[in-house]
Structures are given as C-alpha cells and as structure tokens.
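The analysis underlying the following values was restricted to heavy atoms, covering all of them including side chains, and did not include hydrogens, waters or symmetry mates. The shown structure was predicted, so the numbers you read here are calculated from the model rather than taken from an experiment. Numbering of ligands and ligand atoms starts at 1, following listing order.
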Amino acid sequence: MTEREPGSLTWPRGLSGMCYGGDYNPEQWSLQVWAEDMELMRRAKVNLVTVGVFSWSRLEPSPGVYRFDWLDQVMDLLHQTGIRVNLATPTASPPPWFSFAHPDALPVTRDGVRLWHGSRDTYCVCAPAYREACRRIAQALADRYADHPALAMWHVHNEYGTWCYCDHVAVRFRQWLRARYGDLDALNEAWNGAFWSQWYSDWDQILPPRATQYLPNPTQMLDFRRFMSAELLAAYQEQRDILRAANPDIPITTNYMFYPGLDNWAWSQQVDLTALDHYPSATDQRAEEQTAFGADLARSWARGHPWLLMEQATSLIYTGDVIATKEPGRMLRHSLSHIARGSEGALFFQWRAPVAGAEVYHSAMVPHAGPATRVFKEVVALGEVLERLEEVRGSVPRTDVAILWDAEAWWAVESAGFPSTRVRYLDAVSAAHRVLWRAGYVVDFARPDADLSRYRLVLVPSLYVISDEAAANLTNYVANGGHLVVSFFSGIADPRHHVRLGGYPGAFRTVLGIRVEEFHPLLDDAQVTLSTGDTGRIWSEHLHLEGAEALAHYVGGCLDGQPALTRHRWGKGVGWYVSTRLDDDAYGRLVFRAAEEAGVTPPPTGASGECEVVRRWGAHSSWLFVINHSDRPHHIPAEGVDLVTGAEVRGQVSVPAGGVAVIREAR
Ligand code: GAL
C-alpha cells in the first residue's frame, strides 16, 4: 500500500464547518428512539456521528455470518437526515463467540493470568486469529459501506493500548528484536546480559517482561514498550490499508487516549487526521489545565494539520472514585478551549445515555432524563455556536515556545529500581505546560529530533533517554541562538537505556556547562531551600559548574553552597538548568526570565489560566478566543466582531463570568 502524504486528506468527506456530534450506538434502541434521535440531532445541529465502535457481536453474530440490515438502516437514516458518518471498525471488542473459539486470543497479564471475556478490549493484538478476524470484519465493512453516501471517515478500532504477555506476543517480540539488533550479541550487550546472568544463548529464551522474582531488566522493558507501540500500529495499518483500498477518498483515523502506551509521533504519520479523546480527571482548575495540555499535544502530534476532539464528556468529570458533574457552561468552555488550540470541532462519548451496561452513568448528549434538561439545552447551544465558527476552520495558533515530548523518555524515566518513584514524566511535563498556560502562553510540543528553529524557547522536562543525534540537535539549537531550559533527570541515558558516563546530565553537559556528580532524591516530607528563598522537593543534586554561572545555591544540609539553578551562554544561545522540582511560582519565574531573554512573543493581554485568550491565525484573518473560566467578568482588548453573539467589539470585549467570545479580528 503506498503511503499517503500525511495531511493530504485530512477532513471528513462532505463536511465544511466544524464537526459536531459523538458516538452513536443505535443498536441499543428501538426504531422509535432512532426517529427521535434524528429529530434531536437536527435540533442540536449535529453533523457527524461515530457509529459501530463496539458493534461486532451485532454485525457478525456468529463466525462469518454478517447482519448488516440494521446498520444499512442507520446509515440511510443518517444520510436522509443530512448527518455524516464516521464509521468504526468494531475490533476493540471481539464478540463472545470469538473468545470461545480462540481462547488463545484472550489477553494474558504479566502474572500469567489469562483474562476472561466479559468486558471490552479482551484480545491479544499478536494472536493470529484475532488479527485475521479484524481484517475480515474490516473488509466486510469496507465492501459494504466504502461508497455509501453518508460515509465521511473511517474510525479504526478504539483507543489502541491493550497489552498482553502471552506466547503469541513472545513470538512477535522476538521477531521485532531480531530486526532491531540483528544478532544476539548486540541484544545481550544492549540489555547488559552480563549483569545478573541474563546472557541469552538462543532467541527462544527471550520473553516479554513477565512477572519475575525481583527487578526486571530496564532495557527489556523499554524495548517491550517500543515493540507494543509498533505492533499495535501494525494492527492499525492492516485495517487502514483494507479500508483505503476500498475507497481512497475517505480519510482514516483512530482515536488516541492518554495512555503511556503509544509513541504518538510515529502513529500520527499513519493517520489522516489526528483524533484525541479527552477526559479531565479533576474538578478544580486542573480540568482546564489538562484540557489545554491535551489540546496542545494533539495539535503538535498533528504537525500543523487539523485535528479533532473525538470524544469528551458533556457533564462528567471522573475523578477515579466519583463521577462528578460538570457545572453549567463548562462543556462549552472546554469545547472552545480545544477549538482555540486547533481542534476543528467537538465530539462526545456518547449521544444517548444507555439504560444499562458498564457505562450506564456516563454523561451523554441526551441524558437519562431526556431532552428537557440543562445538558441537552447546552448541547443545542453548543451546536449553534459551532455553526457560527465555520470560518475559523483552517487557522492555527502560533507560538515560539515548545516543550519536548518523547514517549521513550516517559517509559524509561519510570523504570523500576530508579532513584525515586516520585519522578513521574507526566508530572514533569505538565508542570512545564502549567506554568506557561497560567501565564497565557500557548505552547507546542516537539520531538527532540525536530527542527526547533522556529522556537525561541524550548523546555526539556525529565527527558531521561536521548539519542546522540537528538542531543546534537538540541546543542545546535542553542548554538544558533535558542534558549533551552532543562530540568533534572534529563539526558542521562542513550536509547539502549545505558547511562552516559562521566557525570550527569550526560548528553547535555556541554551545552549546559555543568557536571552533576550525584543525585540527592528527597523523601516526601523533605524539601531543600535555595538562596533565592525558593524551595524544591522530590529531587536535588550535587552539581559542579563547568562554564555555567549559578543563579541560585542550595542552603543548608549537605549540599550547602552548591549550585542549584544555572545558566550557560553557549554559542548564540543559553542553556538553563533546574536541578530540583521547584514549586510552580519559582519555576515560572525562571521560565519567564528565560522567555524574556529569548525574546519570546508575549501572550495576548489579559490571558491567564482564569481567562484563556488564544489567537488562531489564518492566511488573511485571525480569531481571538476568550474563555472565561472564572466567576468574575474579564475585559480583554479586542477589535472586530464576536461570532458567538454577533456583536461588534470596539476596543475591548467584556466576557462575563463563565462566558466565551470568539472575535473575528479587524486587521
Ligand atoms: C473512552 C472510550 C469510550 C468510553 C469513554 C468513557 O475512553 O473510548 O468508549 O468508554 O472513554 O469516558
């Protein structure tokens, strides 16, 4: 199958405006309800629904026997109603008959427990029977619907990310390792098999990292994660190629979730449209932080192409033990926060709340109480707003600040047996994003080997593993005038998970002008004080200056007088280093100082975490999104027309508590 240039076919066929809708599961309902659904979707101005995500057992009730009658009717009905279909392949949930026919395709945990059927995602991606069944059902759907007039896009699978440790996985893992290392000696060296007598003498001795007596081998773990991401991607590609061959004019995607499981940079080369599911997990301001974080990531993965918020919740924030309710207005604000950051629409899980089943209390666009509800009113109101935003499509936010994002660094930095389990990749990256978001900056994420020349400032949180090439890329970035703010536990290891010897932070010593002799991780109740009066937690280091200047020292304790924060002129740029986990205010001060020295474009006036102000730029116009999350009005300088109200804006826009505005700017 020839590769399609990423971004060459990025938009659901037949849609011109913002996408609006959600997962639609009509197979749970009667024909009467379908008729009401059409009426309500029209009322809400829904234009795109995802159908069939978990419909395998209704589409293929027994092996090779297909029942398309109901789906034919749904597709036709939606077409008559003028609603486009994002048709899913149902492979995230094989039917019970499949699991009984192929018990070897049920997933096995690290402990060797084979899971039973009874939920969703009970499959092993490496089981040949599973892969074959996926190809068959994808082919059957392609044969039947590739030319259906309602079909706008294919949605392959759902949230790839299911792992397994069975014998099928062992076979595929070995094949992947052979391709990576060529011969066993290279593998043994990479995995340092000389330690703990782990030298393999035959490929068949190599296993997925199953539960074992004590600490697992970190390189084996890292390779397994690389392998799983690649194997899941191969499974996606198999289905994609079948669908594409049936009709090359239909874009194809899959929806990402925030698992640590996927290398989304690699995946995003293989999808026509980047699609993200996003569910904040806290009810306070972290919900808005997380929303902006997810949206900035999705836009970055899409590399400047449109992306789509494929799922969110209308009225729920699941905190882990409570299904909390989203306050009135919050759904609109979250939707616009995604759209301000590049999403070309807002979709939900799901259209109608079901009467029973595992997610019976998951909020929906039509709640259990029906359409005469606060939630449905807000759904209709959002549909109206999105219709008015059609002209915004194709524009993008611009920024000259980036944070490096790397799945391998995530996987590696959380290895068992490391100095501190408190060093979590997502904590480090979201702290970097948070301080910038709160100050009103829009931020891109970038891969360590990307061309960074358009950024004046690049933040590097806990980038534990880095290749020589990527390290050279960052060094050149600084040499050419960039400002790099590196925080602790970065640059330590090479891609084989081997420590770079001679002092930390290995790959960044030269550009930062420092050498770290020893880590001093901190226990929960401990903190370090700096000469600036700031405090640090989690981590500290015994650091030597090798060309850098100290911006702050540790005070007291065994690191008394040692440098803690440093700055190093290198070529035309500057490398900054943070050797402890500063609190947000102190970290922010350092980052903003670097931003100022780097000449970063300031955020729009009035922008903050309380009131997001984000500009999307088009070829000839720009649009200013103002999203007021606070309980007081905000007054933001602006000139133009507010697309939400239609009102002219002269000099400033006043956005009430909880309100929004999208201003087409007069230029
Ligand atoms: C998503 C998933 C949906 C639904 C939703 C609930 O991750 O794709 O099918 O389960 O979560 O929040």
In the protein, what heavy atom is nearest to [atom], and what distance, to one decimal place, separates them?
atom: atom 9 (O) of ligand 1; value: R120 NH1, 3.0 Å
atom: atom 12 (O) of ligand 1; value: H362 NE2, 2.7 Å
atom: atom 5 (C) of ligand 1; value: Y279 OH, 3.5 Å
atom: atom 4 (C) of ligand 1; value: E359 OE1, 3.4 Å

Find all atoms of ligand 1 within a distance of less than 4.0 Å from any non-hydrogen atom belonging to [X], and give their numbers and elements.
X: D277; result: 8 (O)
X: F54; result: 9 (O)
X: N158; result: 2 (C), 8 (O), 9 (O)
X: E159; result: 1 (C), 2 (C), 7 (O), 8 (O)

Are E60 and R67 ion-paired here, with the side-chain N under 4.0 Å from a carboxylate O?
->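 Here E60 does not pair with R67 in a salt bridge, since their nearest N and O are not under 4.0 Å apart.
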
Does R299 come within less than 4.0 Å of D444, counting only side-chain N to carboxylate O?
->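 Looking at D444 together with R299, the answer is yes, because their closest N to O distance falls below 4.0 Å.
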
Between H278, H338, H433, which is the residue that forms a ring pair (Phe, Tyr, Trp, His ring centres under 6.0 Å) with F293?
->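 Passing option: H433.
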
Option among F349, F348, Y318 that satisfies the ring pair (Phe, Tyr, Trp, His ring centres under 6.0 Å) test with H362 =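 With H362 as partner, ring pair (Phe, Tyr, Trp, His ring centres under 6.0 Å) holds for just one option, F349.
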
Of the choices H278, M310, M257, E311, which has the non-hydrogen atom that lies closest to atom 11 (O) of ligand 1?
->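 Checking each option, the heavy atom nearest atom 11 (O) of ligand 1 is found in E311.
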
For ligand 1, is any non-hydrogen atom under 4.0 Å from Q350's backbone (N, CA, C, O), its side chain (CB onward), both, or neither?
->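 It is neither part, as no heavy atom is under 4.0 Å.
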
With a 4.0 Å heavy-atom cut-off (strictly under), which part of Y318 contacts ligand 1: side chain, backbone, both or neither?
->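 Answer for Y318: neither.
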
Criterion side chain to side chain contact (heavy atoms under 4.5 Å, CB included) against S229, the qualifying member of W411, F224, Y160 |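 So, applying the side chain to side chain contact (heavy atoms under 4.5 Å, CB included) to S229 and each of W411, F224, Y160, only W411 qualifies.
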
Without hydrogens or angle criteria, can the side chains of H148 and D76 be said to hold a donor-acceptor pair below 3.5 Å?
->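 Yes.
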
Residue of the set T50, T314, D37, D23 for which side-chain hydrogen bond (donor to acceptor under 3.5 Å, both in side chains) holds with W351 =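 Of the listed options, the one satisfying the test is D37.
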
is_close_aromatic(Y256, W301), centroid dist under 6.0 Å |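 Yes.
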
